[in-house]
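Just the heavy atoms: all of them, side chains too, but no hydrogens, waters or symmetry mates, feed the values below. Below, chains carry the letters A, B, ... as their sequence lines are ordered, and counting in each starts from 1.
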Protein chains: 2
Amino acid sequence: MSTQEELPYDVYQDRCPTRLVLDRLADKWALLILDRLKDGPVRFNSLKRDIMRITPKVLSETLRKLERDGLIARAVFATVPVTVEYSLSPLGDTLTDTVSALAHWAERNMDAVLAAQAAYDAAITAAAIPTPGLHRLR
Amino acid sequence: MSTQEELPYDVYQDRCPTRLVLDRLADKWALLILDRLKDGPVRFNSLKRDIMRITPKVLSETLRKLERDGLIARAVFATVPVTVEYSLSPLGDTLTDTVSALAHWAERNMDAVLAAQAAYDAAITAAAIPTPGLHRLR
DNA sequence: CGGCATCCTTGCCGATACTG
DNA sequence: CAGTATCGGCAAGGATGCCG
């Protein structure tokens, strides 16, 4: 808010189109796809295999949304059977460092998060049982 | 995948706990909250005002999830009425640069995205009408 | 001020087919 | 191989009201 130039868009504003883009990026599958594409073009079924548990439906939908937003490009080759490659567009390429950092932050800090969760849950449980061991009969 | 060390966690894997964290971060509201906290502690209703259209319920829920994950800290002051401040934890602080970059990327590249969307929609519409103007009589 | 409880809707997402 | 079609469930999230 301080070091940043004045822009016509403000993601904090409701009804700002940036909210729509943020919604797109704030999607687990979209982040994984963009991250997966950062090393070069990847084919549909390769994406489907690499991003475990994604269904073809969701993969297809997410790819089309990303393509519509100009973040990825779709290339069709008239082979038999047909070959389709997805790759980052120049615009999408400006995002990958950030997206990749976010997607992999969890991997680097997973232990800390798990520890925090355990501590939080323990505190909550302790609070829920004011004097543990008391009132045990009945 | 190449320049990266081998980690015990892999966000591409199903059943990997990192997926849960990615789910948390891949949330529009969580991103906005984390970004909003990067300049210092903020109170509940201030967040509610700044992040337009967020409901108290969703704000409260998201804050608690972020607190449970150890990304933010909650401080209560026994004033009248009570004052509650939310701030980034040291762990959360390691995320803000990335989160902020993602949240504001949309603001910087909104025009390009809107142009891409318009081009995409125009191409789709054109494809849906093979030869415009032909077959016009019935 | 800073929430929580409740109800209710919607739309996303997964599962499961089927097609060019 | 690269998708589309259809269906159903379930949980995220909005609206509202109340409380310490």
Side-chain angles (χ1 to χ4, degrees), chain A residues 14-15 19-20 22-33 36-37 41-69 72-87 120 124 127-128 130, chain B residues 12-16 19-33 36-37 41-69 72-87 120 124 127-128 130:
Chain A
D14 181 29
R15 301 180 195 291
R19 277 287 179 92
L20 300 176
L22 186 60
D23 258 331
R24 177 103 344 119
L25 297 179
D27 171 45
K28 176 178 60 177
W29 301 124
L31 292 179
L32 288 173
I33 290 172
R36 185 67 190 79
L37 292 182
V42 183
R43 294 167 61 177
F44 185 89
N45 277 315
S46 179
L47 284 170
K48 180 163 149 15
R49 273 189 303 274
D50 294 343
I51 302 173
M52 301 194 64
R53 254 283 148 123
I54 195 171
T55 62
K57 180 192 176 216
V58 171
L59 178 56
S60 174
E61 286 171 354
T62 309
L63 285 170
R64 231 176 310 114
K65 289 174 186 170
L66 291 172
E67 187 193 0
R68 179 171 183 266
D69 288 347
I72 66 175
R74 180 175 182 271
V76 182
F77 302 94
T79 54
V80 178
V82 65
T83 299
V84 179
E85 271 186 3
Y86 291 93
S87 58
Y120 183 92
I124 293 296
Chain B
Y12 286 105
Q13 294 291 323
D14 180 30
R15 303 183 193 289
C16 180
R19 277 286 179 90
L20 300 176
V21 177
L22 186 61
D23 259 330
R24 177 98 349 114
L25 297 179
D27 171 45
K28 175 178 60 177
W29 301 124
L31 292 180
L32 288 174
I33 290 172
R36 185 65 190 77
L37 292 182
V42 184
R43 294 167 61 177
F44 185 90
N45 277 314
S46 179
L47 283 170
K48 181 162 147 21
R49 273 190 303 273
D50 295 342
I51 303 173
M52 300 193 68
R53 259 279 153 115
I54 195 170
T55 62
K57 179 190 177 222
V58 170
L59 178 57
S60 175
E61 286 171 354
T62 309
L63 285 170
R64 229 176 312 114
K65 289 174 186 171
L66 291 173
E67 187 193 359
R68 177 170 183 267
D69 289 346
I72 65 176
R74 181 176 182 269
V76 182
F77 301 95
T79 53
V80 178
V82 65
T83 300
V84 179
E85 271 185 5
Y86 291 92
S87 58
Y120 183 92
I124 292 295

**Student:** State whether A:Tyr86 places a side-chain N or O below 4.0 Å from either non-bridging phosphate oxygen (OP1 or OP2) of D:dC1.
**Tutor:** no
**Student:** Please give, in whole Å, the distance from D:dA15 P to B:Leu59 CG?
**Tutor:**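 Answer to the nearest Å: 15 Å.
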**Student:** Starting at atom CD1 of B:Ile54, determine the distance to atom P of C:dG2, rounded to an integer number of angstrom.
**Tutor:** 14 Å
**Student:** Can you check the B:Ile72 CD1 to C:dG2 C1' distance for me, whole Å?
**Tutor:**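 Atom-to-atom, B:Ile72 to C:dG2, this comes out as 14 Å.
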**Student:** Quickly work out the A:Asp23 CG to C:dC12 P distance and round it to whole Å.
**Tutor:** 9 Å
**Student:** What is the distance from CH2 of A:Trp29 to P of C:dG14, rounded to the nearest Å?
**Tutor:**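 Rounding to the nearest Å, CH2 of A:Trp29 and P of C:dG14 are 5 Å apart.
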**Student:** Would you say the side chain of A:Leu32 lies within less than 4.5 Å of the side chain of A:Leu47, judging by non-hydrogen atoms?
**Tutor:** no
**Student:** Please state whether the phosphate of D:dG3, meaning OP1 or OP2, lies under 4.0 angstrom from any side-chain nitrogen or oxygen of A:Arg74.
**Tutor:** yes
**Student:** Side chain of B:Val82: nearest nucleotide among D:dG3, D:dG20, C:dG20?
**Tutor:** D:dG20
**Student:** Heavy atoms from C-beta onward define the side chain here; which of D:dG3, D:dC1, C:dC7 lies closest to that of A:Phe44?
**Tutor:** D:dG3
**Student:** Could you tell me whether the side chain of B:Ser60 and the main chain of B:Pro56 form a donor-acceptor pair under 3.5 Å?
**Tutor:**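 Checking the backbone N and O of B:Pro56 against the side chain of B:Ser60, no donor-acceptor pair under 3.5 Å is found.
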**Student:** Would you please confirm or rule out a distance under 4.0 Å between OP1 or OP2 of D:dT4 and any side-chain N or O of A:Ser60?
**Tutor:**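 For D:dT4, OP1/OP2 do have a side-chain N/O of A:Ser60 under 4.0 Å.
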**Student:** On DNA chain D, check which nucleotide each of A:Pro81 and A:Pro56 is closest to and give me the residue with the more 5' one.
**Tutor:** A:Pro81
**Student:** When the distance from CD of A:Glu85 to C1' of D:dA2 is rounded to whole Å, what number comes out?
**Tutor:**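 Going from CD in A:Glu85 over to C1' in D:dA2 covers 13 Å.
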**Student:** With sugar-phosphate meaning primed atoms plus P, OP1 and OP2, does A:Thr79 contact a base, only sugar-phosphate, or nothing at under 4.0 Å between heavy atoms?
**Tutor:**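 Nothing, no heavy atom under 4.0 Å.
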**Student:** Taking all atoms of both residues into account, what is the closest heavy-atom pair of B:Met52 and A:Arg19, and its distance?
**Tutor:** O-NH2, 3.0 Å
**Student:** For the side chain of A:Arg53, counting heavy atoms from C-beta on, which of C:dA15, D:dC1, D:dG14 is nearest?
**Tutor:** C:dA15
**Student:** Please tell me which of the listed nucleotides, D:dG14, C:dG14, D:dT4, lies nearest to the side chain of A:Val58?
**Tutor:** C:dG14
**Student:** Separation of A:Asp27 atom CG from C:dC13 atom P, in whole Å?
**Tutor:**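 Spelled out: CG on A:Asp27 to P on C:dC13 is 6 Å.
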**Student:** Taking the minimum atom-to-atom distance to the side chain of B:Arg43, which one of C:dC13, C:dC1, D:dG13 wins?
**Tutor:** C:dC1
**Student:** Taking 4.0 Å as the cut-off, does a side-chain nitrogen or oxygen of A:Arg64 come that near to OP1 or OP2 on D:dG3?
**Tutor:** no
**Student:** What is the distance, to the nearest angstrom, from the CD1 atom on A:Ile51 to the P atom on D:dA2?
**Tutor:**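 These atoms are roughly 14 Å apart.
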**Student:** Do A:Lys57 and D:dG3 have a side chain to base donor-acceptor pair shorter than 3.5 Å?
**Tutor:**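 Side chain to base: no pair below 3.5 Å.
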**Student:** Do any N or O atoms from the side chain of A:Tyr86 and from the backbone of A:Glu67 form a donor-acceptor pair under 3.5 angstrom?
**Tutor:**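 Side chain of A:Tyr86 to backbone of A:Glu67: no pair is present.
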**Student:** With a 4.5 Å limit on heavy-atom distance, are the side chains of A:Asn45 and A:Lys48 in contact?
**Tutor:**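 A side-chain contact under 4.5 Å exists here.
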